[in-house]
Structure formats: structure tokens, C-alpha cells
Amino acid sequence: MTRYRPLLDRVWSLILGVSVRAKIMGMILGLTLVLGFGVTLQVRISMTRTLTQELEQRGISIGRGLAARSTDPILIHDTFALYQLIRDTVDNNPDLRYAFVLGQNGQILVHSFVQDEDSLESAGFPLELIEANRAASHERYHQGLIQTNEGLIHDFAVPIFEGRAGTARVGLSETRLRATVNAVTGQLLLTTLAVAIVGVAAAAFLTWLLTRPILNLVSVTRAVARGDLSQKAPRWADDEIGTLSAAFNHMVDDLATAQAESEAYNQELLRRNRELAVLNAVAEAASGPLALKPLLERALERVLELLNLEAGWVMLTNGSGDEGAQLVGAVGMPRQVARHETKAGFPSCPCGEVLDTAQPLVIHPLRDICPISTIRLKDDRPVTCHAAIPLIAKSRVLGVFNIMASDPSQFSPDDLRLLNAIGAQLGVAIENARLWEELKQKEALRGQLLDKVIHAQEEERQRIARELHDETSQALTSFMVGLKVLEKADSTTEVHQRATELRQIVADALEDVRGLALELRPSTLDDKGLIPTLQRYTRDYGQKFAITVDCHTLGFDGVRLLPRVETAVYRIIQEALTNVAKHANADTVSVLLEKRTGRLLVIVEDDGCGFDVDHQLRSGTQGQRLGLYGMRERANLIGGDLTIESRPGAGTTMFVEVGLDEIQVMEHG
């Protein structure tokens with residue numbers, strides 16, 4: 001210290017040797033310079049920290065926005081849309097050095113690095129970048145710093161759809177940040193020098209002027225970091241700080257837009273998930289091995305549960321709207337009220353309009369006489385409206401799905417669209433259930449028909465055996481006895497007499513055998529065809545049962561049908577005429593057989609007592625049902641359709657129409 005004492009004394013003497021103004025100006029200049037450099041350093045540090053935070057916030061926002069908007073393209077495997085999204089993100093964010101999307105298993109889906117024109121894959125992509133930063137599925141994002149030859153890169157990894165669809169990665173460069181900080185620092189240094197020259201007041205004023213907007217920007221940045229995107233940085237001037245404030249405000253607007261879009265995407269995703277949950281629940285309820293009524297009631301319970309509603313009922317139409325409907329299920333309401341609404345009120349009430357429009361309808365307000373207006377929901381809330389949803393299958397309304405509510409606003413347009421989709425789904429389930437019941441009935445009838453065929457075969461064999469034993473066997477026995485008598489005859493006259501008797505016995509036996517064979521299968525059906533056989537059969541039928549038979553055949557000149565077609569048509573007509581003789585009590589029967597171009601038409605019509613066809617098929621005796629079903633089966637076997645029209649007291653008409661091709665028709669020589 002003693003060594004430097006002379007030097008310090010000299011400096012101090014020099015300072016004291018100058019004028020006071022110089023001292024003051026020196027002090028002011030020194031303080032100004034110190035203050036200027038100090039403020040410059042502070043601003044540089046604060047601005048670097050602020051812009052770094054802003055860069056990080058913007059990186060998080062860009063990453064989350066990219067992740068949110070990448071969900072749908074990834075789920076539907078739309079790589080081009082994903083690539084376009086990457087390009088738009090890079091083009092709209094100057095600080096964005098790169099962006100890419102990884103799949104669920106870590107594979108590169110798209111990226112923004114230089115790549116081949118014919119490929120959207122990993123050409124030009126630094127593969128070591130994949131391991132540089134990873135985000136767990138439970139993290140909203142994960143930030144990492146990567147040192148590159150271009151400078152420090154802020155890397156942000158954001159899970160897509162909680163990591164189930166992959167990861168979005170973006171990297172923001174500090175180049176513009178450093179350039180901005182350096183530019184502002186240089187400006188502050190120049191300003192500090194100018195302030196030092198102009199004076200302490202100007203320096204103080206300029207210092208205040210330069211630091212105030214930055215402090216405001218820091219304050220706004222902190223508010224934005226807390227999530228308040230309504231704050232805006234005031235723009236004091238059109239200089240660099242003003243430009244920075246404008247850029248910052250634009251960034252905040254972009255963040256607000258991205259946040260709104262993200263919330264909209266999330267709401268849409270939640271709505272779609274809710275719809276899928278309801279449809280899946282209904283599909284699960286409708287796919288169970290239940291009868292139709294339990295199936296619909298369980299589906300109604302699931303819909304009410306998932307839509308947070310309380311009561312409803314399901315009814316199926318009995319045919320046309322004038323025939324009313326049938327209650328098949330009710331939840332959250334007295335069953336007698338639902339039954340009264342179904343039988344007494346429907347379809348005269350407004351909800352019956354869905355039968356004509358096939359569109360969902362919200363009934364509000366309810367009529368005073370509506371039975372459901374007396375129902376109370378939870379918390380003693382009254383029922384003020386209900387939605388009527390048509391159950392549709394193949395453009396036909398099979399029933400109505402009704403859901404009650406205390407407020408019509410509970411049925412939004414989205415809810416009605418969802419309920420309409422549920423109605424279509426349940427309509428298909430109803431149609432399938434009915435077809436399944438019909439198939440089971442047909443299979444049961446088919447089994448009964450097979451039993452009847454086997455039983456008829458056995459009865460026919462017994463009858464043939466009995467006929468052979470009772471008539472043919474006795475005739476042969478008489479023939480043998482006659483031969484023995486003939487052996488002992490003495491005179492020619494006696495021989496001639498015995499021979500005549502024996503010839504008559506043989507003739508009678510032969511006639512019986514021929515009659516038996518004719519009943520089993522007419523030989524003329526194979527030799528001469530369907531038309532002669534049918535004419536002979538109707539003639540014998542009329543004589544046997546004392547019924548007038550009018551038989552006409554058209555279009556069979558020179559042609560015959562295939563044997564299997566002729567046999568089936570003959571048996572159908574034979575069965576129809578047998579039913580007329582047994583049940584119709586008819587006086588006249590008309591038979592028309594016409595071959596037209598490409599089809600065969602068979603009509604059997606009588607003037608008998610008639611019958612209720614649907615009732616007979618549902619509840620008639622087994623023999624009667626199997627007879628009708630057997631004719632229908634024979635028609636189906638040759639590719640035809642059988643229709644029976646009848647009503648009590650109005651006779652019966654049977655139509656059979658068979659499509660014919662060249663294979664089923666052959667020339668008759």
C-alpha cells in the first residue's frame with residue numbers, strides 16, 4: 001500500500017486540480033457511464049432471461065399445438081395431412097429449427113429436415129436426435145437443450161393423445177434471440193454514450209425511457225407465464241423494443257388461438273368419445289343372446305345411463321299406424337302409464353308423426369291429457385317433454401324409442417343425431433331378432449315336414465304292403481287254386497270256363513297293380529310329361545270327389561320342362577287339390593298352367609269356404625301347416641315363389657311363379 005501511495009496522491013491531486021464543473025461533469029459522466037453500463041448489463045440479462053422464457057413458452061405452445069392437431073391425422077393414417085401440418089408449423093414460426101412426429105413405437109412419421117422429393121420418411125434426418133429428448137406419457141411436455149454447430153437448440157417433446165398416438169418434437173433456435181439481445185445491448189450502449197455527452201438528465205431520462213418498456217414486457221411475460229393471455233405489452237415506440245412488444249403481443253394472440261383450438265379439439269374429442277361409448281353400449285346390449293323385449297329394455301337402460309337421463313319406454317308398431325303399438329320395455333316409469341300411452345295415446349298423439357317422417361321428434365309442451373305428464377323424476381321434477389326416436393330398418397319404422405326429460409334443452413341437436421343413430425342400430429337388431437325367430441320357426445317346420453315325409457313314406461309302404469297282401473296276394477292265390485282245378489278238368493267246356501275265370505282274375509290283379517303304381521307316381525309323367533298327366537289327374541279327381549275341375553294349359557306346344565320341375569309342379573297342384581277336397585267344401589276348382597317367356601305361372605283357385613292364411617300358418621294344426629309349408633318348400637326348390645290369397649267365405653287362390661331359363665325347358669319330340 002505504501003508503494004502506491006505516491007500514485008494515489010498524484011491522481012487525487014489531479015482530480016482536485018480541475019474545476020468543479022469538470023469534477024461534477026466527471027462525476028456525472030462517470031456515474032452516467034457506470035449507470036449506463038450497469039443498466040445495459042441488467043437489461044441484457046433481464047432481456048435474455050425474458051426472451052428465453054418466451055422462447056420456451058412459445059416452444060411449449062407450438063409443441064402442444066402440433067401434438068393436438070396431429071391426433072386425427074395419426075389415427076386415420078393421413079401422412080400427407082401430417083406432413084402439411086409440419087410444414088405449416090415451420091413456415092409460421094421463424095425460430096423453429098425443426099419439427100417432427102414420432103409414432104407410438106418411436107418410428108419417424110414425418111419431419112421438416114431436407115428430404116427426398118418422393119419420400120416423406122427419414123431422409124436427411126439426424127437419427128441421434130431421437131434419443132436427445134423424450135417425454136413420458138404422463139408428462140405434458142419435456143424440455144431439453146441440445147448443443148449444435150448452429151448454437152443452442154431448445155428441444156420440446158410433447159406426448160400425442162397421452163403418448164398413445166406418439167410424440168411431437170420441435171426445436172427452437174436461439175439465433176434470433178441472441179441477435180435481438182445483442183441489437184438491444186448495442187443500442188443501449190450507444191444511448192448510454194449519448195446520455196453521457198448530453199448530460200445526466202438526458203442520460204437519466206433515456207435510461208428511464210429504455211428500461212420502462214422492458215420492465216413492462218417482463219411484467220406481461222410473467223402474467224402470460226401464469227396463464228393470463230389477456231395481457232398485452234404496450235408499444236411505446238416503433239423501435240426495436242416496440243417491435244419486440246408487437247412480436248410478443250402477436251405471440252400471445254397465437255398462444256390464445258392455439259389454446260382455444262386445443263380446447264375445441266378436446267371438446268370435440270370428448271363428444272365423439274361419448275357418442276362412441278353410447279353406441280358401443282347399445283351395440284353390446286343388442287348383441288346379447290336375449291329375446292326381443294329384454295334386448296330393447298336393456299338397450300334403453302344403457303342409453304339412459306350414458307345420457308344421464310332417467311326414464312323412457314320402447315314400443316313396436318303392429319303394422320300400419322292405425323293398428324296401434326305394443327309396449328316392449330319401460331324404465332323409470334310406472335308400466336301401466338307406459339302401457340296406457342302406448343295403447344290409448346299412440347299414434348294419435350304428436351309423437352306418432354315419426355311413423356310418417358322417420359325422423360326424431362321432441363314433443364314439447366306435452367298435452368294436458370298425455371299420461372306421462374303425471375310422472376315425477378328425481379328431485380320431484382315434472383316431465384315436460386319427451387323425445388320420440390324412430391326404430392328404422394330397411395326404410396321401415398318398426399317402433400319408437402321414447403326418452404323423457406324435464407327440460408327440452410336436454411335434447412341438443414347432437415343428442416338427437418346420436419339417438420337417431422341408436423334408433424337405426426336398434427332397428428337392425430329388431431329386424432335381425434325377428435328374422436332369427438322366423439328362421440327358428442322355419443327350421444322347426446322343416447323338421448316337422450321331414451318327420452311327416454318319413455311318416456308318410458312308412459304309411460305308403462304299409463298301404464302298399466296291405467294292398468299287395470289283401471288284393472294282389474288273394475288274386476294270385478285264387479289264380480293258383482284255379483290252375484289246380486284246371487288240371488283236373490275233364491271236358492273242353494270246363495277248361496274253357498276255368499280259363500276265362502283265370503284271365504279275369506289276372507286282369508283284375510293287373511288293374512290293381514296299375515292303380516297302385518299310378519297313385520305312387522303316374523307313368524305318364526315320365527313318358528308323356530306334365531300336361532297329359534295333369535289333365536288325366538284332374539279328370540279322375542273330378543269324378544272321384546264330384547267337384548267340377550276346369551284345367552287350362554298355355555304355352556306348352558312342343559316343349560317340356562325338366563323332370564324335377566315337372567314333378568315339383570305336379571306335386572304342388574296335387575297337394576292343393578287334396579286340400580280343396582279335404583277342407584274347402586268347394587263345388588268348382590280352376591287350374592291354370594301357363595308358360596310365358598322366362599317364367600312359369602301356376603294358379604289353383606276354388607270357390608270354397610276359404611280361411612285366414614296368417615292365422616292358419618301361426619296356429620293351425622300341424623298337418624294343415626305342414627301341407628302349406630311343403631308346397632312352399634317344393635316351389636323354393638325349383639326357384640319359385642308360392643303365394644296364397646284367401647279369406648273366410650271368399651274361396652282360396654294359390655299362385656306359383658317360377659323363373660325359367662333355357663336349362664329348365666327342353667324340346668319335346
Side-chain angles (χ1 to χ4, degrees), residues 44-70 82-102 108-115 124-135 139-160 166-185 217-218 220-222 224-225 227 229 233 240 243-259 261-262:
R44 181 180 180 85
I45 295 173
S46 177
M47 190 173 183
T48 301
R49 181 172 63 252
T50 301
L51 292 180
T52 301
Q53 292 176 356
E54 180 267 339
L55 184 70
E56 292 174 351
Q57 291 296 325
R58 187 149 49 95
I60 295 170
S61 175
I62 295 172
R64 293 184 64 188
L66 178 61
R69 298 174 65 187
S70 300
L82 196 61
Y83 176 75
Q84 190 64 38
L85 178 61
I86 289 289
R87 295 310 312 164
D88 292 342
T89 303
V90 172
D91 293 340
N92 294 330
N93 296 275
D95 291 336
L96 194 63
R97 178 59 185 85
Y98 60 82
F100 59 93
V101 177
L102 300 178
I108 303 171
L109 299 181
V110 292
H111 62 80
S112 62
F113 290 92
V114 178
Q115 53 194 23
F125 183 88
L127 297 179
E128 62 274 16
L129 191 61
I130 297 177
E131 300 298 329
N133 187 20
R134 288 185 177 273
E139 294 181 312
R140 296 177 62 188
Y141 67 92
H142 190 273
Q143 179 181 353
L145 295 177
I146 303 175
Q147 185 66 44
T148 67
N149 55 358
E150 297 179 5
L152 194 63
I153 299 295
H154 293 254
D155 187 279
F156 301 88
V158 181
I160 301 175
T167 305
R169 293 273 301 277
V170 296
L172 275 74
S173 173
E174 289 187 351
T175 302
R176 290 181 70 246
L177 183 149
R178 295 301 178 187
T180 301
V181 172
N182 292 335
V184 173
T185 302
L217 184 60
V218 172
V220 173
T221 302
R222 290 173 179 172
V224 171
L229 300 181
E240 290 83 353
T243 302
L244 178 62
S245 298
F248 181 82
N249 291 336
H250 183 69
M251 181 205 68
V252 173
D253 292 337
D254 290 343
L255 286 176
T257 302
Q259 186 179 46
E261 291 178 353
S262 178

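Atom set for the values below is all heavy atoms of this structure, side chains included, hydrogens, waters and symmetry mates excluded.
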Closest heavy-atom contact between [X] and [Y]?
X	Y	value
E139	P159	O-CG, 3.1 Å
V170	G59	CG2-O, 3.7 Å
T52	L177	N-CD1, 3.4 Å
V158	G63	CG2-C, 3.6 Å

Exercise for the section: Check the pair L172, R97 against side-chain contact (heavy atoms from CB on, under 4.5 Å), reporting the backbone distance first and the verdict last. Expected result: CA-CA 5 Å; L172 275 74; R97 178 59 185 85; over 6 Å; no
Handout entry: Partner set under side-chain hydrogen bond (donor to acceptor under 3.5 Å, both in side chains) for T243, not counting sequence neighbours
Key =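 Checked T243 against side-chain hydrogen bond (donor to acceptor under 3.5 Å, both in side chains); zero matches.
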Handout entry: Under the side-chain hydrogen bond (donor to acceptor under 3.5 Å, both in side chains) test, residues paired with R134 that sit two or more places apart
Key =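 Testing R134 for side-chain hydrogen bond (donor to acceptor under 3.5 Å, both in side chains), a comparison that skips the adjacent residues, returns E131.
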Drop me the distance from [X]'s [atom1] to [Y]'s [atom2], to the nearest 0.5 angstrom.
X	Y	atom1	atom2	result
I60	R140	CD1	CZ	8.5 Å
T180	D95	OG1	CG	8.0 Å
I86	R69	CD1	CZ	10.5 Å
Q57	L55	CD	CG	10.0 Å
E56	F156	CD	CZ	5.5 Å
R58	E54	CZ	CD	4.5 Å

Any side-chain heavy atom of [X] within less than 4.5 Å of one from [Y]?
X	Y	answer
S61	D254	no
T185	M47	no
S173	I153	yes

Practice task
Begin from the C-alpha positions of L66 and I160 and carry the test side-chain contact (heavy atoms from CB on, under 4.5 Å) through to its verdict.
Solution key: CA-CA 9 Å; L66 178 61; I160 301 175; over 6 Å; no
Handout entry: Parallel, tilted or perpendicular: ring planes of F113 versus H111, cut at 30 and 60 degrees
Key =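 Geometry flag for H111 against F113: tilted rings.
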Exercise for the section: Please work out whether the ring planes of F100 and F125 are parallel, tilted or perpendicular, with thresholds of 30° and 60°. Expected result: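 Perpendicular: the ring planes of F100 and F125 meet at over 60°.
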Practice task
Could you go through the side-chain contact (heavy atoms from CB on, under 4.5 Å) check for R178 and L152 one step at a time?
Solution key: CA-CA 10 Å; R178 295 301 178 187; L152 194 63; 5.5 Å; no
Problem - N133 side chain vs D155 backbone, donor-acceptor pair below 3.5 Å - result: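 Yes.
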Problem - Expected output: side-chain R169 to main-chain I130 donor-acceptor under 3.5 Å - result: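 Yes, because the side chain of R169 sits within donor-acceptor range (under 3.5 Å) of the backbone of I130.
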Exercise for the section: Test side-chain contact (heavy atoms from CB on, under 4.5 Å) on I108 and L102 and set out the steps. Expected result: CA-CA 5 Å; I108 303 171; L102 300 178; 3.9 Å; yes
